[in-house]
Amino acid sequence: AANWLKAQFQAPSLLIGHSLGGTAVLQAAPQITEAVAVATIGSPSTPTHVAHLFKDASADIEANGQAEVLLADRPFTIRKQFVDDLAAHPLAETVRGLRKALLIMHSPVDETVEISNASDLFATAMHPKSFVSLDKADHLLSNPADSLYAGGALAGWARRYLPRPDALGSERIDRKSTRLNSSHVRTS
């Protein structure tokens, strides 16, 4: 996805992932050199934790190469390759060597991925790193107020690390800026 974005528009400078997606962006971040910041929301800190979420389906995964499992009441197809990849890539090493700004967002009452995962990621990561508690939010941030809070906190944090749109030099952004300026809309 990052290579496609780079070829079609520009490489991503911010990677954001929720739950297993957070674990995935942490693993992918070192290969995306243009990414300067990574944010995770409710993400597991170890392959073991992730694997325990679908341990009941492990026999099916092994026998059939994949199985459908429920994670946070949503169906996901888990493939054997995914399980093997989890075991082959030590996340702690990747996080320790990240060399990108890191934001970890997690709820202390998350029943799908315990808060200790956020503590482990935070303790392992080098600076710059930040933590935002999502207070009483559930794993899926299903309360709109929790989603809005998380989005606002993430946007505020990201401003510190991302280039200003007018500094990117993108033709697409220049056209947008021109259109906005000709409409007398002020951007910051």
Side-chain angles (χ1 to χ4, degrees), residues 1-6 11-55 57 61 66-122 124-125 129-134 137-144 146-155 157-158 161-162:
N3 289 335
W4 183 89
L5 282 170
K6 186 176 182 177
S13 51
L14 171 64
L15 305 174
I16 305 168
H18 170 260
S19 195
L20 293 175
T23 305
V25 297
L26 287 169
Q27 288 289 17
Q31 287 85 43
I32 304 169
T33 56
E34 297 86 356
V36 296
V38 180
T40 66
I41 304 167
S43 298
S45 62
T46 65
T48 323
H49 177 82
V50 176
H52 104 270
L53 294 174
F54 42 84
K55 69 180 176 203
I61 294 169
Q66 67 182 39
E68 187 168 292
V69 299
L70 285 179
L71 300 175
D73 297 325
R74 295 173 57 201
F76 289 89
T77 299
I78 302 296
R79 292 183 173 78
K80 185 175 181 331
Q81 178 185 357
F82 176 73
V83 176
D84 294 343
D85 283 349
L86 288 174
H89 297 94
L91 186 59
E93 269 181 47
T94 303
V95 171
R96 192 174 297 108
L98 197 56
R99 308 296 184 256
K100 298 175 189 295
L102 176 62
L103 172 63
I104 299 167
M105 304 176 83
H106 211 109
S107 170
V109 297
D110 188 330
E111 294 181 2
T112 304
V113 178
E114 299 83 14
I115 189 71
S116 60
N117 287 270
S119 299
D120 293 344
L121 288 171
F122 192 80
T124 301
K129 60 183 177 179
S130 302
F131 179 83
V132 172
S133 176
L134 298 176
D138 63 18
H139 183 69
L140 297 176
L141 304 178
S142 57
N143 181 333
D146 294 330
S147 296
L148 289 170
Y149 173 73
L154 200 154
W157 172 83
Y161 301 103
L162 299 180

Under 3.5 Å: donor-acceptor pair, side chain of Ser107, backbone of Ala137:
yes
Who passes side chain to side chain donor-acceptor pair (under 3.5 Å) against Asp138, sequence neighbours left out?
Ser142
So, using side chain to side chain donor-acceptor pair (under 3.5 Å) as the criterion, who are the partners of Thr94 when residues are at least two apart?
Gln27
Would you check, one step at a time, whether the test side chain to side chain contact (heavy atoms under 4.5 Å, CB included) holds for Val132 with Leu154?
CA-CA 9 Å; Val132 172; Leu154 200 154; over 6 Å; no
Taken in chain and number order and not counting sequence neighbours, the residues that satisfy side chain to side chain donor-acceptor pair (under 3.5 Å) with Asn117 are Ser45
Write down the atom of Ala2, the atom of Ile32, and the distance for their closest heavy-atom approach.
CB-CD1, 3.6 Å
Give the C-alpha distance, both sets of side-chain angles, the deciding distance and a yes or no for side chain to side chain contact (heavy atoms under 4.5 Å, CB included) between Trp157 and Leu14.
CA-CA 11 Å; Trp157 172 83; Leu14 171 64; 3.9 Å; yes
Considering all heavy atoms, the nearest Ser13-Leu162 contact:
OG-CD2, 3.5 Å
Look at atom CD of Glu111 and say whether more than 12 heavy atoms of other residues, nucleotides or ligands are closer to it than 6.0 Å.
no
Please name all residues satisfying side chain to side chain donor-acceptor pair (under 3.5 Å) with Ser19, sequence neighbours left out, ordered by chain then number.
His139
Qualifying salt bridge (charged side-chain N to carboxylate O under 4.0 Å, His left out) pairs with a residue from residues 14-35, counting only residues at least two apart or across chains:
Lys6-Glu34
Heavy-atom pair with the smallest gap, counting every atom of Ala35 and Lys100
O-NZ, 2.6 Å
Student check: side-chain heavy atoms of Asp146 and Leu134 closer than 4.5 Å:
no
Enter the distance from Glu68:CD to Ile61:CD1 here, rounded to the nearest 0.5 Å.
11.5 Å
So, taking the atom named NZ in Lys129 and the one named CG in Leu98, what distance separates them when rounded to the nearest 0.5 Å?
11.5 Å
Checking Phe131 now: which residues fulfil side chain to side chain contact (heavy atoms under 4.5 Å, CB included) with it, not counting sequence neighbours?
Ile104, His106, Ile115, Ala118, Phe122, Ser133
Test Tyr149 against Leu141 for side chain to side chain contact (heavy atoms under 4.5 Å, CB included), laying out the working first.
CA-CA 10 Å; Tyr149 173 73; Leu141 304 178; over 6 Å; no
Does Gln81 have more than 12 heavy atoms from other residues, nucleotides or ligands lying within 6.0 Å of its CD?
no
Leu102 and Leu26: side chain to side chain contact (heavy atoms under 4.5 Å, CB included), yes or no, with the steps?
CA-CA 9 Å; Leu102 176 62; Leu26 287 169; 3.8 Å; yes
